[in-house]
Amino acid sequence: MSRPFFRRASLMAATAMGLSLAACNQSPTAGNQSADANGALPALPGAVPLQQGAATPINPAPAVTALPAAAPVKVASVAQPSQAYAYLDRADGVFNAIGDAPPDYAYDDGDVSPWAWQTGDGDVQYAEPVDGGYRYYYYEPGADTPYLVRGPDYSYGYSGDRLVAVYDDRGALLPPGAYGGRADYASRYYARAVYLNRLSREREHRGVVAANWAARRADISAARAQWAEDRAQQAEWRAYHQQHDAQERQHWADERQQRQAEAQRFARWQQVGFHRPPPQPIAAPAPAPRRGWFGGGDHDGRRQQQIAQQQRQQQMSQQQRAQQQQRQQALAQQQARQAAQHQAAAQQQMQMQRDTAQHAHDQRQQLQVQQHQRAEAQQQARQAQQQRAQKAAQQQAGRRQAQAQADQRQQEQRARQQAHAKVTQQAHAEARQQAQAEARQRQSEAQAQARQQQAQQAHVQAAQQRAQVQQQARAQMGQQHAQAQQQAQQARAQVMQQRAQMEHQAHSAPPRGGEGPRHHE
């Protein structure tokens, strides 16, 4: 997994060669296709001018869970753990080199239209919108498979068809033991990347709507600033980047300069409201191909050599045709140069002055754009940091509120339980009291009933006793009355008997003194 040294022809040297060919051939011919009538470099194959018009709807791509299930990728790990950040850092170099330059082209994938950027040496970056940001796919020159897929949550590094690195949303490398848990998503992303790359070769390339790029450029710039901030917070990634930073800067210097110029041209075009014709895409010819910098993957060395040989043959044919045209025009040009030498010198001096002024003006504008971009990036980074802090505060507040609500619910539940227990106890106490009262009442009623029965029995007994006493008294009085009557009768009988005796005695006794019976009248 060691990384070979970058080899790339200088963009400035290629530009100078193209301009010198244009100067030698004053009239463009079929044999001179390296520069147009204005001396501009030809566009990369597939680069399409931006489109004018109103912004169009941008449909999001399917989430990873909605992507079709794919054949599982093999899970492996890098031979040297210190090289595990090579995949993420390479994509970071491409992303930063492209900067704010508009996409080279777009193509249709059903409802989704991915945006594509192709660097001068053939690196490809695709971007498709998803919920939460963008999903990015990165390919080495000529590769059909990705070496990195970066989503809003995780990023996946591939070596050929093997998953060799997984990074979280902040760029931290996950331990190899966790790769298996992400293998399903990594397989879906890998299949999606292969599909998008194949589709980009089959579908028609069209220009991106300028209004759409103007609307989304700030989001992608903020993502780039966030990526840089995340890298600064990861010690291992930072160490790997610092180790290869000088090499990266040298490799991407020409690409970055060209993309900055394209971003400035877009900014000037946006300032006039996109009313002028869109600027034509410019790019340097691709340098000689090189092997994949990961030292592996799906790149065929013989294929690269054949491509390099074809490019060298084409370049030699162009140089031979140019030299032939130069020899044919040499005599006429020599006479014309001698006649117009002073005029050409004056024009050249005026042109140099205009070029110097234009260059100074472009540099000022470039500096202003860079300052504005840096200010925007810093502002966006601050806003992103504030949003993260606000989100973290909201999450913390939400957790506190949820905890408070849980505590409140628990307290309410305890209060309800205590109230229910109290009510239950009170109900039980009231039930016991009521039962006791009812028992006492029943006892009291029983006692009262018993007393009433006793009183009734006593009353009956008293009545019976009174009746008995009365009966005895009546009987005794009757006896006494009968005895009294008997005694009275006896007394009367005795009196009558005594009277009868007295009368009898009186009648039977002889008179005293010789007197006869005395009659009382």
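In this chain, residues are counted from 1 in sequence order.
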Residues S113, R206; criterion side chain to side chain contact (heavy atoms under 4.5 Å, CB included); working and verdict: CA-CA 10 Å; S113 295; R206 56 177 176 78; 2.7 Å; yes

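- We find the NE2-OG distance between H205 and S200 to be 5.0 Å, quoted to the nearest 0.5 Å.
- Geometrically, R182 engages Y154 in a cation-pi contact, judged by NZ or CZ lying under 6.0 Å from the ring centre and within 45° of the ring axis.
- The heavy-atom pair separating W269 from R276 by the smallest distance is NE1-O, 2.8 Å.
- When each of R256, R224, R259 is paired with D100, the salt bridge (Lys or Arg N to Asp or Glu O under 4.0 Å) condition holds for R224 and for no other.
- More than 12 heavy atoms of other shown residues, nucleotides or ligands fall within 6.0 angstrom of atom CD in Q379.
- For R400 and D407, the salt-bridge test fails: no basic side-chain N is under 4.0 Å from an acidic carboxylate O.
- Under the 3.5 Å distance criterion, the side-chain polar atoms of Q125 are left unmatched by any main-chain donor or acceptor of Y136.
- Judged by the 6.0 Å and 45° rule, R216 forms no cation-pi pair with W115.
- Remark: the backbone N or O of A76 is not paired with any side-chain donor or acceptor of R162 at under 3.5 angstrom.
- Under the 3.5 Å distance criterion, with hydrogens and angles disregarded, a donor-acceptor pair is assigned to the side chains of Q226 and D230.
- The structure places CD1 of I220 at 5.0 Å from OH of Y134, a figure rounded to the nearest 0.5 Å.
- The environment of CZ in R170 is crowded: more than 12 heavy-atom neighbours from other residues, nucleotides or ligands sit within 6.0 Å.
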Trace of the side chain to side chain contact (heavy atoms under 4.5 Å, CB included) decision for D161 with V73: CA-CA 6 Å; D161 60 351; V73 296; 5.7 Å; no

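- Nearest heavy-atom pair, A71 versus S187, reported as atom, atom and distance to 0.1 Å: O-CB, 3.5 Å.
- Pairing each heavy atom of Q234 with each of A172, the nearest pair is OE1-CB, 3.4 Å.
- We find the CD-CD distance between Q401 and Q395 to be 13.5 Å, quoted to the nearest 0.5 Å.
- Taking the side chain as every heavy atom from C-beta outward, Y167 and R150 never approach each other to under 4.5 Å.
- In this structure, F274 and F266 have tilted ring planes: the angle between them lies in the 30° to 60° band.
- Shortest non-hydrogen contact noted between P129 and I58 is CG-CG2, 3.5 Å.
- Put simply, the side chain of D123 reaches to within 4.5 Å of the side chain of W252, judged on heavy atoms.
- Expressed to the nearest 0.5 Å, how far CD of E140 lies from CG of D121 amounts to 10.0 Å.
- Looking at Y139, its side chain does come within 3.5 Å of a backbone N or O of A193 through a donor-acceptor pair.
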Stepwise side chain to side chain donor-acceptor pair (under 3.5 Å) check, Q385 with R382: CA-CA 5 Å; Q385 186 176 4; R382 286 193 296 270; over 6 Å; no

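- Look at R265 and E262 and you find no salt bridge, because none of the NZ, NE, NH1 or NH2 atoms lies under 4.0 Å from a carboxylate O.
- Panel note: side chain Y158, backbone A186; a donor-acceptor pair is recorded below 3.5 Å.
- The nearest pair of heavy atoms linking A214 to Q270 is CB-NE2, 3.6 Å.
- The shortest non-hydrogen separation linking Q380 to A222 is OE1-N, 3.1 Å.
- When only modelled atom types and interatomic distance are considered, N197 and Y126 share a side-chain donor-acceptor pair under 3.5 Å.
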Step-by-step side chain to side chain contact (heavy atoms under 4.5 Å, CB included) determination, D92 to Y138: CA-CA 10 Å; D92 180 57; Y138 294 91; over 6 Å; no

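- Taking 4.5 Å as the limit, every side-chain heavy atom of V149 sits out of range of all side-chain heavy atoms of R192.
- Residues Y87 and V164 have side chains in contact (heavy-atom distance under 4.5 Å, counting atoms from C-beta outward).
- For the pair N212 (side chain) and T56 (backbone), a donor-acceptor distance under 3.5 Å is present.
- By the 30° and 60° cut-offs, the orientation of the rings of Y85 relative to W237 is parallel.
- Other residues, nucleotides and ligands contribute over 12 non-hydrogen atoms within 6.0 Å of the CZ atom of R399.
- Annotation: E204, atom CD; neighbour count of heavy atoms from other residues, nucleotides and ligands within 6.0 Å does not exceed 12.
- Using a 4.5 Å heavy-atom cutoff, the side chains of W227 and L88 are in contact.
- Looking at heavy atoms from C-beta onward, V94 lies in side-chain contact with T119 at the 4.5 angstrom threshold.
- For the residue pair R268 and Q271, no side-chain donor N or O sits within less than 3.5 Å of a side-chain acceptor on the partner.
- Relative ring orientation between Y105 and Y107 is described as tilted, the plane-to-plane angle lying within the 30° to 60° band.
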Criterion side chain to side chain contact (heavy atoms under 4.5 Å, CB included) on L67 and Y185, from CA distance to verdict: CA-CA 9 Å; L67 293 176; Y185 286 0; over 6 Å; no

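- You'll find the side chain of R201 reaches within 4.5 Å of the side chain of D144, heavy atoms only.
- N96 has its side chain out of reach of E248: every pair of non-hydrogen atoms, C-beta onward, lies at least 4.5 Å apart.
- R203 has no carboxylate O lying under 4.0 Å from a charged side-chain N of D109, or vice versa, which leaves the two without a salt bridge.
- Here the CD atom belonging to Q405 is positioned 10.5 Å from the CD atom belonging to Q403, to the nearest 0.5 angstrom.
- One finds the CG atom of D89 at 10.5 Å from the CD atom of Q83 (value rounded to the nearest 0.5 Å).
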